[in-house]
Amino acid sequence: MKAETLAALQEARHKRHALALATRLSDAAETLIYQDKALGAQASDETLLSAARRALEIGRSETVDVGGERIFLNVYVPPPRLIIVGAVHIAQSLAPMASLLDFDVTVVDPRRAFATDSRFPGVKVMQEWADEAFEKMGLDRSTAVVTLTHDPKLDDPALEYALKSEVFYIGALGSRKTHAKRRERLAEAGITEEQFTRVHGPVGLNIGAKSPAEIAISILGQIVEVRARRLEAMSAPKVAAA
Amino acid sequence: MSDALDVLDQVGKWKAGGKGVAIATVITTWGSSPRPVGSQLGVDDTGAMVGSVSGGCIEGAVVKEALAAIADGKPRLLDFGVTDEQAWDVGLACGGKVQVFVEKVN
């Protein structure tokens, strides 16, 4: 691998850009394929470019044969992102655990006493209202949102905003009763019953979690499951129309 | 440090520190294999590792080849699996097969 290639991969990660690196196995010649351009040895090989774009779309690395040569397409997609609304006790377990799972973690809370860097070492903390923070970050399909504050005036705007985006997971802490009240409040705000089914609540897998760390595990277990099923569905061969 | 991108970060640091470095990547798998296609292992010229290409079954052999690639600059394509001749000392207990590409970072 060329040093410039390594630098390009690191830069793409920093900017949250997806790219594919095509390596010709016979001589290690490299081509970088971005969403909108290609650079390197085989940058004008249309067969290779279309294979690389397909690999980028489904987010899966693979070895392909192009013109009698074996070429490895390594797909680098930005890490999934977890946005935690509420810099509360559970968030202090959830944030480091999610980092271990390679999530890019941000904690959002407008309350000064909660949203401090010292409570969340090594994690991005935004002392802002959730909807304002979401606007700045831009919610995409590789983002998960979890609300933990228990406070409707903090949680509800976050859920409303997340429901209007393409995020792959939305979870809200609270009992069944709390969740039912939440449904009523969001219905008044114009969220339909069908839209509301995207919210996982009570949040997390039912593993009898009690402590903050246990609850964090149950939430992450659910997020990992939802994400894996979605990636599975995306990479499955498309069924031909009858 | 399971993510391929963290491997690249560490490899970049080694490289910036003046070390010889190689990257090994899982490029094909058959049957059950512990790490998916695209998984990477970074190796420096002292044999230090970051990341993984298996559950620990073949890393020893891959590091050996990585050190050779750092020394001669040539890429290598390695096959591991139970049908391989090396099965008794370096194989995958899970019964899968993997192909690993090893190259020096220039």
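Note that the structure is a prediction, hence the values are computed from the model and not measured. Chain letters run A, B, ... following the sequence lines, proteins first and then strands; every chain starts at 1.
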| Region of B:V21 in contact with chain A, defined by heavy-atom distances below 4.5 Å | neither

| So do the side chains of B:Q99 and A:T63 get within less than 4.5 Å of each other, counting heavy atoms only? | no

| Region of A:L6 in contact with chain B, defined by heavy-atom distances below 4.5 Å | side chain

| request: Measure from the side-chain N and O atoms of B:E65 to the backbone N and O of B:L78, and report whether any donor-acceptor pair falls under 3.5 Å. | output: no

| Heavy-atom pairs under 4.5 Å with chain A, option from B:K15, B:K74, B:E103 with the top count | B:E103

| Top of B:I27, B:V37, B:V105, B:N106 for chain A proximity - count of heavy-atom pairs under 4.5 angstrom | B:I27

| said: Using only atom types and a distance under 3.5 Å, with no angle test, would you say the side chain of B:E59 pairs donor to acceptor with the backbone of B:V53? | reply: yes

| At a heavy-atom separation under 4.5 Å, does B:T29 approach chain A through its side chain, its backbone, both, or neither? | neither

| request: Run through A:I84, A:D109, A:V105, A:V125 and flag the one making a side-chain contact (heavy atoms from CB on, under 4.5 Å) with A:F120. | output: A:V125

| field | Donor-acceptor contact present, side-chain A:R119 to main-chain A:A87, <3.5 Å | value | yes

| request: Could you tell me whether A:H200 and A:Y169 have their ring centroids closer than 6.0 angstrom? | output: yes

| Minimal non-hydrogen separation, B:V43 against B:G47, with atom names | CG1-CA, 4.2 Å

| Residues of residues 201-222 of chain A within contact distance of chain B, non-hydrogen under 4.5 Å | none

| field | Check against side chain to side chain contact (heavy atoms under 4.5 Å, CB included), A:V226 and A:I223 | value | CA-CA 5 Å; A:V226 168; A:I223 292 175; 5.9 Å; no

| A:K124/A:D104 ion pair, N-O < 4.0 Å | yes

| Sidechain-backbone polar pair: A:R198 side chain, A:F168 backbone, donor-acceptor under 3.5 Å | no

| query | So what's closer than 4.5 Å to chain B heavy atoms on A:E62: side chain, backbone, both or neither? | reply | backbone

| said: Heavy-atom cut-off 4.5 Å, strictly under: side chain, backbone, both or neither for A:S26 against chain B? | reply: neither

| task | Check each atom of B:L77 against the heavy atoms of chain A and say whether the ones under 4.5 Å are side chain, backbone, both or neither. | result | side chain

